[in-house]
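The sequence lines fix the lettering, A, B, ..., with proteins before strands; numbering per chain opens at 1. Since we're looking at a predicted model, the values are computed, not measured.
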Protein chains: 2
Amino acid sequence: MPQKAIICTVDVVLLCLRGTVLNVALWRRERAPFEGSPALPGGYIHPEEDVDTLDAASRMLREKTGIASPYLEQLGTFSGASRDPRGWSISIAYYALLPAELIEQEPAPGLVLQAVEQLKGLPFDHKDIVQAAVQRVRNKSSYSSLPVYLCGEQFTLPRLQAVYEAVLGEPINKVSFRRKMEELDMLEAVEGAMETGRANRPAQLYRLKHEFQQCLSVSPRSLTAAAG
Amino acid sequence: MPQKAIICTVDVVLLCLRGTVLNVALWRRERAPFEGSPALPGGYIHPEEDVDTLDAASRMLREKTGIASPYLEQLGTFSGASRDPRGWSISIAYYALLPAELIEQEPAPGLVLQAVEQLKGLPFDHKDIVQAAVQRVRNKSSYSSLPVYLCGEQFTLPRLQAVYEAVLGEPINKVSFRRKMEELDMLEAVEGAMETGRANRPAQLYRLKHEFQQCLSVSPRSLTAAAG
DNA sequence: CAAATAGTGTCTATAAGACATTATTGG
DNA sequence: CCAATAATGTCTTATAGACACTATTTG
């Protein structure tokens, strides 16, 4: 005999970098519970519509932010009797990374960005979910190409290094960083494209190689000495 | 409006090491669908009984194998319209590690161990789930104390090294391995306890320090050069 | 030319692996 | 004493970081 109905939802932690701080996109809830509160974009799974929960997360993103296909990965499942006032619930959480410009240039109505530290007043266990996502991103960034998804399509190496440093929260040796990027073998220089305009030597623009648009490049060793 | 009922289950991938090969514990299903087939121990979440899905997984293990508190961690959630013939379903998968002797000495009825390679005929997407668990264990073992949970309470360093080698599938340099174990700082020698009986120098017995009974020790660097 | 930042060369420090040596048991 | 394996010392190689130097732009 099946169980009493369990509330099945999907939530998405959409992260981007503004300046040097990670921000999460929050969505003003349109219904109870917590109507009007900013919370993670999410909602019920639609079994008739969604082929699986990844598909549901992708739909959630599309509906609430208009964003089509960012880097999107399952984070984990949060569950229990006490996380939702409506009853025993399950939330399958996903996280997504995006260049901040994509949100800032055409902000979806009801969407606000907020720094991931000092989050307060989030409903459900959404604060825990955001913290888990941030930890996952930090950890995965220490040995993979993950942070490139926070950059736009083209970027310079100094810019990418700053993104890594912002995510990891510590400075990285420039020579080592460039050696690692070489080793990860995920970037290609854009022929003849340089970032100019400032009073210094122009920087080469790079882009992600096509084969890494959807999948990460991972290094056998950490980029930095620290780890979690 | 809530969704059409979704089937919510928990499955456990219980792994142990027999000789040098990882085995998974399979449970002969007592009901349809796939009645009689060996499958992952699992079942419906009981909202009245389980405080969350970890608790449900723990109960599943207890009920089907009699095992109380092994290392148990969430693996991920598998979902969709097509994985279960009964309808749209969610399985929150957990994995557990255990010394093989605990299963072999008093085998629960209906439980069989099977090598994780060449699994065939598993129902649902249980083969995918097992593969994901094995990959997780391999990956996590490369930089943490995870494999100690495959050993009994006391073990020698050569034995532990063999366990790591079996899990990772490659030989490890003895000196480097011992340096890493020193660095992980998770073992303590059992005073005066040596493994004797064979025609060679006896080996010191070690055990996990108390503070690592429940949590892992992680290294900033990989144990071996390889990675995933 | 000065200031600023990009990009590279090179030396040093640290970690990993190869290999050899010593230690301790049973037969 | 021999065989076997534990345990450790030490040299070599690989990787990471420090630091300095060159390159190229604007004003």
DNA chain D nearest-nucleotide lookup for A/Asn200 and A/Asn173: closer to the 5′ end is A/Asn173
How close or far is atom [atom2] of [N] from atom [atom1] of [X], stated in whole angstroms?
X	N	atom1	atom2	answer
B/Gln161	D/dA7	CD	P	11 Å
B/Glu165	C/dG17	CD	C1'	14 Å
B/Leu205	D/dA7	CG	C1'	15 Å
A/Tyr143	D/dA16	OH	P	16 Å
B/Arg201	C/dG26	CZ	P	14 Å
B/Arg198	D/dA7	CZ	P	11 Å
B/Ile172	C/dC19	CD1	C1'	18 Å
A/Met194	D/dA23	CE	P	15 Å

When you compare the side chains of B/Tyr94 and B/Ser58, does any donor N or O come within less than 3.5 Å of an acceptor on the partner? no
Whether the A/Tyr71 and A/Glu73 side chains hold a donor-acceptor pair (N or O, under 3.5 Å, no angle test) is what I'd like checked. yes
Bend angle of the helix from C/dC1-D/dG27 to C/dG27-D/dC1 from five-pair axes at both ends, rounded to 10°?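 Roughly 10°, once rounded to the nearest ten degrees.
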Which parts of residues 174-181 of chain A get close to DNA chain D, meaning a heavy atom less than 4.0 angstrom away? A/Val175, A/Ser176, A/Arg179, A/Lys180
Checking side-chain hydrogen bond (donor to acceptor under 3.5 Å, both in side chains) against B/Ser79, which of A/Thr77, A/Thr53, A/Asp50 comes through? A/Thr53
Flag the pair B/Asp185 and B/Lys209 as a salt bridge only when some basic side-chain nitrogen lies within less than 4.0 angstrom of an acidic carboxylate oxygen.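 A salt bridge links B/Asp185 with B/Lys209.
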Could B/Arg221 and B/Glu183 be called an ion pair, given the rule that one side-chain N must be under 4.0 Å from one carboxylate O?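 No, B/Arg221 and B/Glu183 are not salt-bridged.
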For a side chain to side chain contact (heavy atoms under 4.5 Å, CB included) with A/Gln161, tell me which candidate from A/Met181, A/Lys174, A/Lys180 qualifies.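 Exactly one option meets the side chain to side chain contact (heavy atoms under 4.5 Å, CB included) with A/Gln161, and it is A/Lys174.
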Quick one: does A/Gln114's side chain have a donor or acceptor within less than 3.5 Å of a partner on A/Ala25's backbone? no
Please tabulate, for the side chains in residues 115-123 of chain A, all donor-acceptor contacts under 3.5 angstrom to protein atoms that are two or more places apart in sequence or on a different chain.
residue, atom, partner, partner atom, Å
A/Glu117, OE2, A/Arg138, NH2, 3.4

Aromatic rings B/Tyr164 and B/Phe177: how do their planes relate, parallel, tilted or perpendicular, breaks at 30° and 60°? perpendicular
